[in-house]
Novice: 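Below you will find the structure I want to go over with you.
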Amino acid sequence: MKQGAPSATAGWVAAMRGLAPLLPREARLCDDPYGARFGGELAVRLRRAASRRPALAPLFSIAVGPVRRTMLWMQLRTRALDEIVLDFARASGRQLLLLGAGYDARAWRFSRELEGCRVFEVDHPATQARKRRLLERMGAPPAPVSFVPFDFEAMPLVELPARLASLGHDPGARTLTLWEGVTPYLTARAVGATLGAVRALSAPGSLLAFTYVDRELLERPRGAEAAIRRLVARVGEPYRFGLAPAEVAGFLSERSFRLVKDESHRALAGRLLPPSFTRDLRAARDESRHVALARIL
Ligand SMILES: C[S@@+](CC[C@H](N)C(=O)[O-])C[C@H]1O[C@@H](n2cnc3c(N)ncnc32)[C@H](O)[C@@H]1O
């Protein structure tokens with residue numbers, strides 16, 4: 001990330017989530033009323049316009065053509081992780097840890113469902129400071145969130161469990177850790193050290209839900225993928241880490257996690273979207289982004 005600057009990609013993905021009203025109704029799998037505010041003025045205006053004139057949604061959908069696929073990806077990945085969070089809360093899970101939380105608004109979006117659950121948000125200090133400023137400015141209601149400014153590349157991850165414990169995290173109780181949209185931006189060393197920290201702070205029965213990109217995509221980006229790579233690199237957040245889907249179970253088990261499920265965006269589209277959208281999301285690059293769930297052994 002750029003020295004001292006908040007993550008640009010965090011703003012982009014939040015905006016994509018917040019622009020759900022621009023998608024046809026059947027493709028709206030979740031809504032994030034806070035997302036556009038973190039994304040900037042243009043996102044706020046677009047959301048407002050689409051919400052006021054829902055009949056025009058198909059037109060907006062055409063207007064956002066170039067980023068429509070990314071918007072659908074965000075719907076899929078957010079919904080997949082929402083399901084995991086809500087299942088955990090229903091099963092009396094009481095600790096939710098967001099690593100690289102960015103502008104994740106689950107603590108606010110699910111304030112009712114997460115009642116009695118502590119939320120810990122760990123993120124790069126600059127991104128987190130901007131989030132807290134904007135939450136205050138938009139008058140977001142108070143939520144049971146403990147904020148931990150932390151740089152995964154520059155700070156010792158072995159210290160993270162103690163930092164969390166000092167804020168009330170109980171390593172003896174189950175934790176659901178979400179690591180959404182973060183692994184591609186980290187070095188392999190930081191990914192390994194983060195998994196070590198999650199292992200150390202997680203009681204048996206705890207879960208880790210994370211997203212990753214197929215290493216193949218990093219090694220041989222083509223067409224639109226090459227353009228995305230150039231764009232993220234230009235804002236100081238280059239893709240650095242990927243995994244081969246066939247190796248994920250082994251990679252995790254070497255680190256004391258058991259893979260429970262792993263779904264590509266294409267598989268998620270097949271499960272969550274009507275067939276007309278499935279046809280839109282059957283390119284190789286839809287198979288290259290994954291949402292995985294692992295259990296701590
Ligand atoms: C694409 S955003 C995803 C944000 C959020 N999880 C979401 O899905 O909306 C990437 C996040 O990783 C965080 N991040 C990247 N490198 C980091 C680092 N070295 N230390 C801490 N956080 C980092 C950024 O601050 C940002 O919040």
Side-chain angles (χ1 to χ4, degrees), residues 6-7 10-11 13-14 17-18 30-35 37-38 74 77-152 157 159-183 194-195 197-203 205-211 291 293-296:
S7 160
V13 295
R17 275 195 298 269
C30 48
D31 188 26
D32 181 352
Y34 298 92
R37 303 285 288 272
F38 291 115
M74 290 313 301
R77 127 179 166 190
T78 305
R79 166 63 90 80
L81 292 170
D82 283 355
E83 285 174 356
I84 292 169
V85 169
L86 296 177
D87 283 350
F88 182 72
R90 276 192 289 269
S92 307
R94 290 290 171 265
Q95 302 189 109
L96 176 62
L97 170 62
L98 307 180
L99 295 180
Y103 305 120
D104 186 311
R106 289 189 174 89
W108 292 267
R109 290 200 290 123
F110 296 132
S111 57
R112 202 162 26 86
E113 294 85 346
L114 291 176
E115 212 179 318
C117 187
R118 290 286 310 271
V119 182
F120 301 87
E121 292 202 0
V122 180
D123 202 4
H124 192 279
T127 315
Q128 194 171 80
R130 177 172 185 265
K131 178 180 197 173
R132 298 185 72 173
R133 255 193 332 270
L134 289 181
L135 282 171
E136 202 178 305
R137 207 175 293 162
M138 61 178 96
V145 178
S146 299
F147 291 100
V148 185
F150 201 94
D151 185 333
F152 301 130
L157 276 147
E159 291 176 7
L160 185 61
R163 286 276 298 275
L164 290 166
S166 73
L167 295 168
H169 176 262
D170 176 3
R174 287 183 306 130
T175 300
L176 166 62
T177 299
L178 290 197
W179 202 15
E180 178 181 6
V182 187
T183 59
T194 305
L195 287 171
V198 173
R199 177 78 195 81
L201 61 83
S202 296
S206 295
L207 295 167
L208 166 69
F210 66 103
T211 64
V291 178
L293 177 66
R295 192 172 285 283
I296 285 87

Novice: If you compare all heavy atoms of A209 against all heavy atoms of I84, which two are closest, and at what distance to 0.1 Å?
Specialist: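 Heavy atoms only, the tightest pair is CB-CD1, 4.1 Å.
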Novice: Could you check whether any side-chain heavy atom of F150 comes within less than 4.5 Å of a side-chain heavy atom of L99, counting everything from C-beta outward?
Specialist: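 Sidechains of L99 and F150: no contact.
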Novice: Determine yes or no for a side-chain-to-main-chain donor-acceptor pair under 3.5 angstrom, with T211 supplying the side chain and G181 the backbone.
Specialist: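 Indeed, once roles are kept as given, a pair shorter than 3.5 Å links the two residues.
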Novice: Could you report the tightest heavy-atom contact between A10 and G102, atom names first, then the distance?
Specialist: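 Between these two residues, the closest heavy atoms are CB-CA, 4.2 Å.
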Novice: Quick one: CG on L97 to CD on E121, what's the gap to the nearest 0.5 Å?
Specialist: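 Between L97 CG and E121 CD, I get 9.5 Å after rounding to 0.5 Å.
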Novice: Should D104 and D123 count as side-chain neighbours, where that means a heavy-atom distance under 4.5 Å?
Specialist: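 Answer no - side chains too far apart.
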Novice: Keeping K131 on the side-chain end and F38 on the backbone end, is there a donor-acceptor pair under 3.5 Å?
Specialist: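 No, because the side chain of K131 does not come within donor-acceptor range (under 3.5 Å) of the backbone of F38.
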Novice: Is any side-chain heavy atom of V85 less than 4.5 Å from a side-chain heavy atom of L114?
Specialist: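 In contact.
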Novice: Mind checking what makes salt bridge (Lys or Arg N to Asp or Glu O under 4.0 Å) contact with D151, not counting sequence neighbours?
Specialist: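 D151 satisfies salt bridge (Lys or Arg N to Asp or Glu O under 4.0 Å) with no other residue.
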Novice: Hey, could you give me the SG/CG distance between C117 and L176, rounded to the nearest 0.5 Å?
Specialist: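 Atom-to-atom, C117:SG and L176:CG are 8.0 Å apart.
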Novice: Just to verify, what does D82 make a side-chain hydrogen bond (donor to acceptor under 3.5 Å, both in side chains) with, not counting sequence neighbours?
Specialist: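 Listed in chain order: R106, R109.
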Novice: Give a yes or no on whether R112 atom CZ has more than 12 heavy-atom contacts from other residues, nucleotides or ligands under 6.0 Å away.
Specialist: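 At most 12 heavy atoms, drawn from other residues, nucleotides or ligands, come within 6.0 Å of this atom.
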Novice: Could you tell me which residues satisfy salt bridge (Lys or Arg N to Asp or Glu O under 4.0 Å) with E113, sequence neighbours excluded, listed by chain and number?
Specialist: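 E113 satisfies salt bridge (Lys or Arg N to Asp or Glu O under 4.0 Å) with no other residue.
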Novice: If you take all heavy atoms of R163 and V148, which pair is closest and at what distance?
Specialist: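 Smallest interatomic distance, heavy atoms only, reads NH2-CG1, 3.5 Å.
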Novice: State which residues pass salt bridge (Lys or Arg N to Asp or Glu O under 4.0 Å) with D32; sequence neighbours excluded, sorted by chain then number.
Specialist: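 Partners of D32 by the salt bridge (Lys or Arg N to Asp or Glu O under 4.0 Å) criterion, ordered by chain and then number, come out as R17.
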Novice: Could you work out, with side-chain contact (heavy atoms from CB on, under 4.5 Å) as the rule, every residue matching V182, not counting sequence neighbours?
Specialist: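 If we apply the side-chain contact (heavy atoms from CB on, under 4.5 Å) test to V182, skipping adjacent residues, the hits are F152, W179, L186.
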Novice: Are C30 and R77 packed together at the side-chain level, in the sense that at least one heavy-atom pair is separated by less than 4.5 angstrom?
Specialist: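 They are not in side-chain contact.
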Novice: Using 0.5 Å steps for rounding, measure from the OG1 atom of T194 to the CG atom of L157.
Specialist: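 Separation between the atoms: 4.5 Å.
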Novice: With sequence neighbours excluded, tell me which residues meet side-chain hydrogen bond (donor to acceptor under 3.5 Å, both in side chains) with E83.
Specialist: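 In terms of side-chain hydrogen bond (donor to acceptor under 3.5 Å, both in side chains), with neighbours along the sequence ignored, E83 is linked to R271.
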Novice: Who pairs with R130 by salt bridge (Lys or Arg N to Asp or Glu O under 4.0 Å), at least two apart in sequence or on another chain?
Specialist: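 By the salt bridge (Lys or Arg N to Asp or Glu O under 4.0 Å) rule, R130 matches no residue at all.
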Novice: Tell me, please, which residues at least two apart from F88 pass ring-ring contact (aromatic ring centres under 6.0 Å, His included).
Specialist: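 If we apply the ring-ring contact (aromatic ring centres under 6.0 Å, His included) test to F88, skipping adjacent residues, there are no hits.
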Novice: Hey, is the main chain of A173 close enough, under 3.5 Å, to the side chain of Q95 for a donor-acceptor pair?
Specialist: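 Present.
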Novice: S7: which residues meet the side-chain hydrogen bond (donor to acceptor under 3.5 Å, both in side chains) condition with it, sequence neighbours left out?
Specialist: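 side-chain hydrogen bond (donor to acceptor under 3.5 Å, both in side chains) check on S7 returns T9, E237.
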Novice: Given the rule in the side chain to side chain contact (heavy atoms under 4.5 Å, CB included) test, do T175 and I296 qualify, once you have shown the distances and angles that lead to the verdict?
Specialist: CA-CA 10 Å; T175 300; I296 285 87; over 6 Å; no
Novice: If we only count heavy atoms from C-beta on, is the E180 to V13 side-chain gap below 4.5 Å?
Specialist: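 Heavy-atom side-chain distance check fails, nothing below 4.5 Å.
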Novice: Show me the donor-acceptor pairs, under 3.5 Å and distance only, between side chains in residues 133-147 and residues at least two apart or in other chains.
Specialist:
{"from": "S146", "atom 1": "OG", "to": "R118", "atom 2": "NH2", "distance (Å)": "2.7"}

Novice: Mind checking ring-ring contact (aromatic ring centres under 6.0 Å, His included) for F120 and listing every partner two or more places apart, or none if nothing turns up?
Specialist: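 Scan of F120 (ring-ring contact (aromatic ring centres under 6.0 Å, His included), adjacent residues dropped) gives H169.
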Novice: Work out which heavy atom in P161 is nearest to a heavy atom in A197; give both atom names and the distance.
Specialist: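 Heavy atoms of P161 and A197 come nearest at CG-O, 3.9 Å.
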Novice: With sequence neighbours left out, what residues match D170 under side-chain hydrogen bond (donor to acceptor under 3.5 Å, both in side chains)?
Specialist: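 Applying side-chain hydrogen bond (donor to acceptor under 3.5 Å, both in side chains) to D170 gives none.
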